[in-house]
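Structure, as structure tokens:
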There are 2 protein chains.
Amino acid sequence: MATEKVFHLGPVRVRVNAAGDDAAPRQRLSRERIVDVALAQMKERGYEAVSMRSIAKDLGTGPASLYAHVANKDELDQLLIDRVAGDFPIPEPDPERWDEQLKQSLLDMLTVYRAHPGVARATLGMIPTSPGAMRNAEGVMALCRAGGIPDQLAAWACDMFALYMGAVAIEEDVWRARAAAAGEGGEPLREEDMVAAVHDVFASLPADEFPLLRSLASVMTTGDADDRVGFAVDIMVEGLKALARREA
Amino acid sequence: MATEKVFHLGPVRVRVNAAGDDAAPRQRLSRERIVDVALAQMKERGYEAVSMRSIAKDLGTGPASLYAHVANKDELDQLLIDRVAGDFPIPEPDPERWDEQLKQSLLDMLTVYRAHPGVARATLGMIPTSPGAMRNAEGVMALCRAGGIPDQLAAWACDMFALYMGAVAIEEDVWRARAAAAGEGGEPLREEDMVAAVHDVFASLPADEFPLLRSLASVMTTGDADDRVGFAVDIMVEGLKALARREA
DNA sequence: CGATTGACACGAACACCGTTCGCTAGTAGA
DNA sequence: TCTACTAGCGAACGGTGTTCGTGTCAATCG
């Protein structure tokens, strides 16, 4: 981008070097830079707060400029997922402890999503065909094979795992955004306040209609996100093993 | 809403009954009607295509009128979920077959979501505190108790089930919307075409990096949505039983 | 060297979104 | 009758993703 101004004096065109303002050379746009900025913004403000305009603003340009590098917002979503999925760790399968490795692998997925708040939201309805996601799937299939899980079960489990872990991450992201929004204008909402509020909902249910939920209000609200995810991961892996035994 | 026109003649105000056009009494707005229209539009065009404006248009008014009945779009989402969750069937627990009942209950959830395309999307980040969802949770807890599942495990399983089944429904909704959008301007995209395309992705992966996925391309793409959901439901219930046995 | 072409950059504008504000009309209660 | 409240709703606000048309620059060709 030249920093020149063009003046028309009748049939004469005059170029004047307008070096007075913003003389520093403007850094060229690229997909990399767009993805960098999008990820940084999502980390800070969540998925919904990131728009083509907000990204362009941080890059010192207008939203239309982004379209020279990404076809549309969907493609940007895909690029974000690709970037993040590249961070999923892939363990070397050990047949003696493949199931523990698998559990850890699923938890690691969530850890990576947590390190990139907002990005999980972009996985909705997206076939995980990015290199990183494919590498992860290959790793899960390898772990299952090391554990003697039939291929078809392993394939379907791959699907389930990706969907569930993505859903957990999405839900956490949405909750974080809601807590931040609710806290605006005052103290940010704390997790224990939200848990207490949910507990009150359960405890206030009519006993004739909801005898279990009402009497189990504390049980329903016991356990943090890690407890629940750890439990769900246990269920999925133990369930997979049970189904494999059933088929053998 | 009176069908009158007011004319100002200097200091004089004249009311004229404008019965000539649209003389039929206008039906009063209500939450019920707003929810009805929103559900109908979502069924036809998907979640993203339904806005306050589109709903208002079908009701023969402007978007601002809706705010006399619903606080905002979030509240409308909540009302939609409430409406749909009311349809979840609640079985009478039979200790001899509680697990089959539980599986069927989960599948029934998906069936209800499928009858209301788009609505699952509104469950994202929503505490399922609507009467319908609470009734469903009570039903799940009752089934688990009939099966001797420890309360804490049952409570966490409730969470997991709701999240996973909602995620499946959302993903199906998103896919349906994508297929419809991709088919615009020509033949709608058929499922087998999409499966073939995904198969090609797997089959085209580099063999050195993705030996399993590449050789198992057919396995990865075998099975329709019901196969995969049935499998996942099996995993979750069998996994829950395995964890309960482990704790006993 | 000048002309042409392709890629990048980007302002203006389009069509849409959720929501608020201010005003009018109708109804119920004092 | 007057007052207060509720419902209805147009205009406008501040935002979204995207397209169109124009200008600039660099590379290539004649």
Side-chain angles (χ1 to χ4, degrees), chain A residues 1-8 13-18 22 25-34 37-38 41-42 45-80 121-122 177 181 184, chain B residues 1-8 13-18 22 25-34 37-38 41-42 45-80 121-122 177 181 184:
Chain A
M1 280 280 54
T3 46
E4 287 183 332
K5 283 190 172 135
V6 181
F7 297 95
H8 294 266
R13 221 157 80 136
V14 181
R15 286 173 177 264
V16 178
N17 196 322
D22 199 14
R26 187 183 291 267
Q27 197 178 358
R28 192 176 178 84
L29 284 188
S30 70
R31 277 187 171 198
E32 289 296 298
R33 292 188 63 218
I34 293 168
V37 168
Q41 291 189 349
M42 277 192 194
R45 315 176 212 156
Y47 182 83
E48 307 293 343
V50 180
S51 64
M52 303 304 266
R53 279 174 170 79
S54 67
I55 296 165
K57 191 176 176 193
D58 269 10
L59 290 167
T61 183
S65 311
L66 305 190
Y67 292 91
H69 299 270
V70 301
N72 48 46
K73 191 111 190 279
D74 267 1
E75 182 171 320
L76 178 57
D77 278 355
Q78 189 79 256
L79 291 170
L80 295 177
R121 171 67 181 68
E184 259 160 20
Chain B
M1 281 278 57
T3 46
E4 285 183 333
K5 285 195 167 119
V6 182
F7 298 93
H8 294 265
R13 218 158 80 138
V14 180
R15 285 173 178 263
V16 178
N17 196 323
D22 199 16
R26 187 183 293 264
Q27 197 177 358
R28 194 176 176 85
L29 283 187
S30 68
R31 277 186 170 201
E32 289 296 296
R33 292 187 63 218
I34 293 169
V37 169
Q41 291 190 349
M42 278 194 192
R45 314 177 212 156
Y47 183 83
E48 307 293 343
V50 180
S51 64
M52 303 306 265
R53 279 172 169 78
S54 67
I55 297 165
K57 190 175 177 193
D58 269 11
L59 289 167
T61 184
S65 312
L66 304 189
Y67 292 89
H69 300 270
V70 301
N72 47 49
K73 191 114 189 280
D74 268 1
E75 181 171 322
L76 179 57
D77 277 355
Q78 190 79 255
L79 291 169
L80 294 178
R121 171 68 181 70
E184 259 159 23

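Naming: A, B, ... by sequence-line order, numbering from 1 per chain.
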Minimum side-chain heavy-atom gap Arg31(B)-Glu75(B) below 4.5 Å: yes
Spacing of Gln41(B) atom CD relative to dC17(C) atom P, expressed in whole Å: 10 Å
Candidates dA11(D), dG8(D), dT19(D) - which lies nearest the side chain of Ala64(B): dA11(D)
Apply side-chain hydrogen bond (donor to acceptor under 3.5 Å, both in side chains) to Gln41(A) and list each qualifying residue two or more places apart in sequence or on a separate chain. Ser54(A), Asp58(A)
Using OP1 and OP2 only, check whether a side-chain N or O of His69(A) sits under 4.0 Å from dA7(C). no
Measure from OH on Tyr67(A) to P on dG21(D) and round the result to the nearest Å. 17 Å
Do Met52(B) and Leu76(B) have side chains that get closer than 4.5 Å, going by heavy atoms? yes
Starting at CZ of Arg31(B) and ending at P of dG8(D), how long is that distance when rounded to a whole Å? 13 Å
Are the side chains of Leu80(B) and Met42(B) in contact, using a 4.5 Å heavy-atom criterion? yes
Please determine whether a side-chain nitrogen or oxygen atom of Thr61(A) lies at a distance below 4.0 Å from atom OP1 or OP2 of dC10(C). yes
Whole-Å distance between dT27(C) C1' and Arg28(B) CZ? 9 Å
Are Lys73(B) and Tyr47(B) in a cation-pi contact, defined as NZ or CZ under 6.0 Å from the six-membered ring centre and within 45° of the axis? yes
Could you check Arg53(B) against Pro63(A) and say which one's nearest nucleotide on DNA chain D is further toward the 5' end? Arg53(B)
Taking the side chain of Leu29(A) as heavy atoms from C-beta outward, which of dC9(D), dA9(C), dT19(D) is closest to it? dA9(C)
Return the value, rounded to whole Å, for the distance between atom NZ of Lys57(B) and atom P of dC9(D). 16 Å
Quickly work out the Leu66(A) CG to dA9(C) P distance and round it to whole Å. 10 Å
Calculate the interatomic distance between Ile55(A) atom CD1 and dC10(C) atom P; express it in whole Å. 15 Å
Using whole Å, report how far CD1 of Ile34(A) lies from P of dC10(C). 11 Å
Can you run through DNA chain D from 5' to 3' and write each base as (, ), [, ], | or . depending on how it pairs? Watson-Crick or G-U wobble, both distances under 3.5 Å. ||||||||||||||||||||||||||||||
dG8(D) OP1/OP2 closer than 4.0 Å to side-chain N/O of Ser65(B): no
Any chance you could measure Thr61(A), atom OG1, to Leu66(A), atom CG, to the nearest 0.5 Å? 7.0 Å
N/O (side chain, Ser51(B)) to phosphate O (OP1/OP2, dC16(C)) under 4.0 Å: no
Got a donor-acceptor contact below 3.5 angstrom from the Arg45(B) side chain to the Ala177(B) backbone? no
